[in-house]
Amino acid sequence: MPTTYTIHEGEPSGTPNIAAKGDGRHPLDLKVDGVQIYAIVKDGQIAGYEGERDGRPVETVTLHEVRQGPAGPGTSPTMRPVNCYVCICDDTCQCYPVDCPGGR
């Protein structure tokens with residue numbers, strides 16, 4: 001049975017300056033249904049996201065919405081992320097905007 005993903009629009013949740021806090025696991029201003037979302041920072045960039053409820057890991061998925069960027073001289077067009085979402089998955093996945101891992 002396919003998984004249903006529900007996208008919640010809005011501004012990225014608490015991630016603009018999170019990488020400046022240094023490497024490690026940092027809580028976001030995003031807590032949904034008791035699930036706290038954390039940004040994982042490595043080498044000064046967001047490397048990914050994790051979810052936790054009552055001290056236990058929760059399944060999360062990061063979705064990347066991509067668009068084709070322009071080709072440069074002698075190069076092919078490239079796909080680039082334009083929006084990213086962290087999804088909290090149970091029977092369905094509820095997805096919330098975040099900054100893309102590695103930058104936008």
Side-chain angles (χ1 to χ4, degrees):
M1 183 168 163
T3 301
T4 300
Y5 292 85
T6 302
I7 305 293
H8 299 270
E9 297 295 334
E11 290 298 312
S13 226
T15 56
N17 300 313
I18 204 98
K21 292 183 176 184
D23 290 0
R25 187 174 185 246
H26 304 287
L28 300 184
D29 298 332
L30 179 58
K31 191 169 187 176
V32 180
D33 294 331
V35 176
Q36 175 66 58
I37 300 296
Y38 295 87
I40 308 305
V41 177
K42 186 175 181 184
D43 298 328
Q45 291 190 348
I46 295 172
Y49 295 95
E50 295 178 349
E52 186 177 279
R53 178 187 286 130
D54 299 326
R56 293 185 310 261
V58 173
E59 181 183 0
T60 58
V61 175
T62 304
L63 296 181
H64 299 256
E65 178 184 348
V66 294
R67 293 205 179 116
Q68 185 169 312
T75 63
S76 299
T78 57
M79 300 302 284
R80 59 184 175 83
V82 292
N83 292 309
C84 289
Y85 304 89
V86 64
C87 304
I88 302 164
C89 300
D90 214 347
D91 293 331
T92 64
C93 292
Q94 300 295 316
C95 305
Y96 300 90
V98 291
D99 286 333
C100 294
R104 259 193 231 244

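These numbers come from the heavy atoms of this one structure, side chains and all, not from hydrogens, waters or symmetry mates.
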Spacing of [atom1] belonging to [X] relative to [atom2] belonging to [Y], to within rounding of 0.5 Å:
X: K21; Y: D23; atom1: NZ; atom2: CG; result: 14.0 Å
X: H8; Y: L30; atom1: NE2; atom2: CG; result: 10.0 Å
X: D29; Y: Q36; atom1: CG; atom2: CD; result: 8.0 Å

With a 4.5 Å limit on heavy-atom distance, are the side chains of [X] and [Y] in contact?
X: T3; Y: V61; answer: no
X: D33; Y: I88; answer: no
X: Y96; Y: I37; answer: no
X: H64; Y: P101; answer: yes

(request) Could you pull out the closest heavy-atom pair between L28 and A39, with the gap in Å? (result) CD2-CB, 3.9 Å
(message) So which atom in P97 and which in E11 form the shortest heavy-atom distance, rounded to 0.1 Å?
(response) CG-O, 3.7 Å
(message) Determine whether Y85 and E65 satisfy the following criterion, side chain to side chain contact (heavy atoms under 4.5 Å, CB included), listing intermediate values before the conclusion.
(response) CA-CA 8 Å; Y85 304 89; E65 178 184 348; 3.8 Å; yes
(request) Measure the distance from the SG of C87 to the SG of C93 and say whether it is below 2.5 Å. (result) no
(request) List the steps, then state whether side chain to side chain contact (heavy atoms under 4.5 Å, CB included) holds for I7 with L63. (result) CA-CA 10 Å; I7 305 293; L63 296 181; 4.0 Å; yes
(request) Applying side chain to side chain contact (heavy atoms under 4.5 Å, CB included) between D99 and each of V86, N83, N17, I46, report the one that passes. (result) I46
(request) For I40, enumerate each residue passing the side-chain contact (heavy atoms from CB on, under 4.5 Å) test, keeping only those at least two apart in sequence or located in another chain. (result) R25, E50
(message) Holding to ring-ring contact (aromatic ring centres under 6.0 Å, His included), I want the full list of residues that pass it with Y38, two or more places apart in sequence or in another chain.
(response) none
